[in-house]
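To start, the structure itself, in structure tokens.
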Amino acid sequence: MSNHIDLLFDFFHQYVNIGIQENIFNEFNKKSISIDFSSKSRQGDISSNFYLVAIKKNLDKKFDLKTDLLKKINNLFFVENCEISKNGFININIKKNFLLDQIKNLLEAKHSFGKSNSGGGKKVNVEFVSANPTGPITVAHMRGAVLGDVISSLLAESGFEVTREYYVNNAGSQIDTLGISLYKRYLELFGEAIELNNDEYPGSYLIDIANKIKKIDGDKWRNKDTNERKEYFKDFAVTYLIEFIQNDLQLLNIDFDKFTFEKDIVSNQIINELFKILNEKKLLYKGTLEKPKGEDSDDWEPREQLLFKSSDIFDHQDRALQKSNGEWTYFANDAAYHLDKYKRKFDKLINIWGADHIGYIPRMRSILKTISSSDDYLEILTCQIVRLIKNNEILKMSKREGNFITLREVYDEVGKDPLRYFMISTKSETSMDFDLNKVLEKNKDNPVFYCQYAYARASSVINKASSLGINLESFDKYNQATNNLTKDEIEIILKLLSYPYILQQASNYREPHRLTNFIEDISTLFHSFWNKGKENESLRFIDNQDIIKTQSKLLWLHSMRIVFENVFKIIGIDFHETM
RNA sequence: GCGCCCGUAGCUCAAUUGGAUAGAGCGCCAGACUACGGAUCUGGAGGUUAGGAGUUCGACUCUUCUCGGGCGCGCCA
């Protein structure tokens with residue numbers, strides 16, 4: 001069964017179709033129709049701009065749009081009354097027993113309430129984190145990690161088939177350096193004096209890994225300067241570090257369906273296929289780039305390179321595919337990797353990148369436009385940095401000296417729920433402050449707690465009622481239940497019923513923070529209503545003398561729990577009946 | 001120098017992608033507990049949405065310019 005928002009949209013769309021047939025409207029962009037279902041202004045249960053939009057399209061001066069609209073909307077079976085305000089907004093009140101029908105649907109649908117099939121089973125690949133395996137995962141990847149995970153869940157909730165993927169850069173010079181660093185630690189275990197260069201990795205985790213090699217192979221590699229040894233140390237380091245990274249991410253319940261390794265991309269020669277495509281489209285050529293405008297480019301000298309003509313597409317300059325030593329650039333391999341994803345028949349690719357990669361977006365979009373002939377086959381979401389605040393001070397980090405804060409350290413300090421919640425509760429493109437002290441407070445300043453507490457209180461009422469022998473029974477009993485409810489409660493119910501739309505929007509716009517705002521709003525309404533019961537006994541949830549009235553409240557309390565559980569599951573935080 | 005992201009109350013953030021009087025929390029001021037959990041609630045003060053110009057019935061949102069902050073700018077990943 002459709003809800004009132006769907007039905008109203010249907011009505012408007014139908015109204016436009018008929019209007020066009022009868023030459024009342026000409027072209028009409030239906031997307032300009034909006035329905036405001038949160039009813040902030042409290043001028044009706046829901047409202048719409050339809051009249052404002054439609055009046056501009058009205059070709060027939062003799063046609064009285066206002067009267068016709070009012071008459072037809074008032075005739076809709078779910079509409080109690082309807083009016084058009086002075087400034088042109090349509091305000092509608094919904095019949096209470098129709099709201100009740102929808103509550104029934106919600107309670108029957110339970111955890112599938114809000115799910116949709118708008119994705120139509122299309123395959124989406126969400127690539128996120130993809131941190132280089134040169135050390136433990138740090139706070140720099142924290143936001144992208146949670147965002148990627150939650151967006152994946154959101155898409156799954158909207159009927160997409162989602163693959164969570166991690167691209168492991170285990171080729172290239174950083175990994176060479178990692179192998180060398182590990183080898184030095186290995187030699188150190190045999191009493192050799194070592195010295196790490198500036199660019200080498202100082203972290204103590206490499207000592208642990210070196211010990212593992214020593215345990216397995218003894219001194220086998222001590223005096224070997226062969227390629228075999230170099231590859232062995234690189235692979236060994238990457239294997240263990242990926243395992244560390246996986247373990248760290250699992251602290252936040254983040255799991256990946258697939259890890260793809262750069263080395264495999266290189267050895268599979270996918271890049272040749274890529275070059276073939278670029279050649280066919282005449283986007284591959286040898287040439288010389290202009291001197292970059294950056295500050296410290298003194299050592300620059302013109303050099304002929306293999307280039308991708310990305311400036312023909314989205315980029316403002318062409319991009320190098322090959323280094324002067326003959327190796328492919330990072331970009332070339334990454335482009336090949338994206339071709340690999342395309343060949344795996346995903347309908348859409350989503351990448352989640354940190355702010356430091358923003359400049360990289362146009363070239364990658366150019367590649368995927370070339371491969372897929374679609375502007376939006378690849379979608380890149382970026383997240384700005386998170387500043388950590390502790391005791392009112394900004395925690396400064398630098399990669400030198402291993403002076404970075406790891407994900408695990410933050411996890412140890414605050415735990416999973418506040419971490420996950422705060423990472424997605426603001427728009428990702430805005431830089432944010434994460435206050436380690438504040439997120440642990442157990443008061444209303446802390447939205448995680450505030451929402452979980454609302455859930456616990458709702459549970460508490462349900463359990464208390466149950467202990468008094470009051471439970472929900474057959475739904476037929478509640479035909480008149482809405483008569484027992486106050487305006488505040490109807491507002492909560494309207495809000496709960498709008499959940500499928502909030503979810504859809506969060507999914508469409510890749511904005512999980514809409515969900516946290518949503519449950520914070522409901523929590524506020526709920527706590528506020530709760531408190532009114534203190535002053536006015538008739539507003540309390542449980543009334544022994546009036547079982548039906550109590551059950552009427554249980555109807556929406558159960559609904560609220562279901563909606564909260566759905567949201568909590570999507571954003572990946574726990575919920576408890578007692579705090 | 002160029003490109004991208006951002007700028008909303010003293011602070012941290014919203015604003016249903018162009019809708020009605022820009023909303024919450026913290027902090028500040030003034031109040032409410034013989035309770036279905038006071039870990040909460042009620043009221044008040046606080047804004048030229050960084051600034052100017054434009055687009056239209058209507059702009060925090062779109063265009064443009066200025067200012068301020070962040071990120072990036074060949075053979076690093």
Side-chain angles (χ1 to χ4, degrees), chain A residues 32 34-38 40-41 43 47-49 52-53 55-56 85-89 91 130-132 134 169 171-175 199 262 288-295 297 300-303 305 307 315-320 322-327 329-331 333-334 354-362 382 384-385 389 425-427 429-433 435 438 441-447 449-450 453 456-457 460-465 468 498 501-502 505 508-509 511 513-514 516-518 520-521 524 527-535 540-543 550 553 578-579:
Chain A
S32 60
S34 74
I35 294 178
D36 178 350
F37 43 81
S38 70
K40 255 189 312 213
S41 49
Q43 305 185 38
S47 56
S48 173
N49 66 348
L52 280 168
V53 180
I55 193 78
K56 274 201 293 189
S85 71
K86 267 185 191 169
N87 50 5
F89 284 89
N91 295 309
S130 296
N132 290 345
T134 54
N169 303 123
S173 60
Q174 282 194 9
I175 299 298
D199 61 335
E262 185 181 5
T288 308
L289 289 173
E290 282 179 26
K291 183 173 177 174
K293 296 290 198 290
E295 284 169 23
S297 49
W300 185 87
E301 53 185 65
R303 195 189 298 275
Q305 290 174 291
L307 299 172
D315 216 339
H316 65 280
Q317 70 174 73
D318 296 341
R319 300 295 173 177
Q322 196 168 24
K323 302 184 200 172
S324 55
N325 66 4
E327 287 178 14
T329 59
Y330 173 80
F331 170 58
N333 287 339
D334 204 9
D356 52 342
H357 287 72
I358 286 174
Y360 194 76
I361 292 173
T382 60
Q384 290 289 329
I385 50 165
I389 314 271
S425 64
T426 61
K427 244 188 303 190
E429 304 93 41
T430 323
S431 56
M432 73 180 276
D433 289 347
D435 189 319
K438 265 193 179 173
E441 287 173 11
K442 291 197 188 305
N443 56 35
K444 59 184 286 202
D445 189 16
N446 183 347
F449 175 80
Y450 191 71
Y453 185 51
R457 270 184 154 176
S460 161
V461 176
I462 289 169
N463 293 335
K464 173 85 177 182
L468 296 170
S498 73
Y501 285 87
I502 304 290
Q505 286 170 343
N508 286 348
Y509 302 123
E511 292 181 347
H513 74 273
R514 287 165 184 271
T516 54
N517 287 344
F518 175 69
E520 282 172 36
D521 283 352
T524 302
H527 286 304
S528 176
F529 180 72
W530 177 290
N531 241 60
K532 285 183 181 169
K534 292 181 189 312
E535 288 156 21
R540 293 196 181 180
F541 288 98
I542 296 173
D543 183 348
T550 305
K553 295 187 188 315
T578 56
M579 300 294 287

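Sequence lines set the chain letters: A, B, ... in the order given, protein chains first and strands last, and positions in each chain run from 1.
Applying the Watson-Crick and G-U wobble criteria (two distances, each under 3.5 Å), B:rG1 pairs with B:rC73. For B:rG10, the paired base is B:rC26 (Watson-Crick or G-U wobble, both distances below 3.5 Å). The base-pairing partner of B:rG31, taking Watson-Crick or G-U wobble contacts with both distances under 3.5 Å, is B:rC41. A 3.5 Å limit on both hydrogen-bonding distances identifies no Watson-Crick or G-U partner for B:rA59.
Within 4.0 Å of A:Asn169, counting heavy atoms only, lie sugar-phosphate atoms of the nucleic acid but no base atom. In this structure, A:Asn49 reaches the bases: a heavy-atom distance under 4.0 Å links it to at least one base atom across the strands shown. Residue-level contact check: A:Arg319 touches neither bases nor backbone, having no heavy atom under 4.0 Å from any strand. Base contact: A:Tyr509 has a heavy atom under 4.0 Å from a base atom. A:Thr578 comes within 4.0 angstrom of a base, heavy atoms only. The residue A:Ser460 sits close to a base: some heavy atom pair falls under 4.0 Å. Among the atoms of the strands shown, base atoms are found under 4.0 Å from some heavy atom of A:Tyr360. Nucleic acid contact class of A:Ser85 (heavy atoms, under 4.0 Å, all strands): base. Nucleic acid contact for A:His357: base, since at least one base atom lies under 4.0 Å from a heavy atom of the residue.
Summary of the strand contacts: A:Thr426 and A:Ser48 both lie near RNA chain B, and taking for each the nucleotide with the nearest heavy atom, the more 5' one is attributed to A:Thr426. Mapping A:Ser32 and A:Asp356 onto RNA chain B by nearest heavy atom places A:Ser32 at the nucleotide closer to the 5' end.
For the C1' atoms, the distance from B:rG19 to B:rG58 is 7 Å, rounded to whole Å. Nucleotides B:rU48 and B:rC36 have their C1' atoms positioned 48 Å apart, rounded to a whole Å. Between B:rA59 and B:rU8, the two C1' atoms lie 14 Å apart (nearest whole Å). Across the P atoms, B:rG54 and B:rC71 are found 35 Å apart, a figure rounded to whole Å. With C1' as the reference atom, B:rG72 and B:rU64 are 24 Å apart, rounded to whole Å. B:rA14 and B:rA50 have their P atoms separated by 14 Å, with the value rounded to a whole Å. Rounded to whole Å, the P atom of B:rG7 lies 11 Å from the corresponding atom of B:rU61. Using atom P as the reference point in both B:rC26 and B:rC62, the two lie 31 Å apart (nearest Å).
Applying the 4.0 Å criterion to OP1 and OP2 of B:rA77, one finds that A:Lys323 has a side-chain N or O inside that range. Listed pair A:Trp530 / B:rG38 meets the phosphate criterion, a side-chain N or O lying under 4.0 Å from OP1 or OP2. Residue A:Ser425 has no polar side-chain atom (N or O) positioned under 4.0 Å from OP1 or OP2 of B:rC13. Residue A:His527 places none of its side-chain N or O atoms closer than 4.0 Å to OP1 or OP2 of B:rG37. Note on A:Arg457: a side-chain N or O is less than 4.0 Å away from OP1 or OP2 of B:rG38. Contact check, A:Ser34 against B:rU17: no side-chain N or O comes under 4.0 Å of OP1 or OP2.
A stacked arrangement is not assigned to A:Phe89 and the six-membered base ring of B:rG19, the conditions of a centre distance below 5.5 Å and an interplanar angle below 30° not being jointly met.
For the pair A:His513 NE2 and B:rC13 P, the computed distance is 12 Å after rounding to whole Å. Atom pair A:Leu468:CG and B:rC36:P shows a separation of 11 Å (rounding to whole Å applied). As rounded to whole Å, 5 Å separates atom C1' of B:rU40 from atom CG of A:Asn531.
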Along nucleotides 3-10 of chain B, 5' to 3', which nucleotides get a B, which get an S, and which get a -, given that the test is a protein heavy-atom distance under 4.0 Å? -SSS----
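With hydrogens and angles ignored, no donor-acceptor pair closer than 3.5 Å exists between the side chain of A:Thr134 and the base of B:rA77. For A:Asn91 and B:rA20, a side-chain-to-base donor-acceptor distance below 3.5 Å is present, hydrogens and geometry of angles not being considered.
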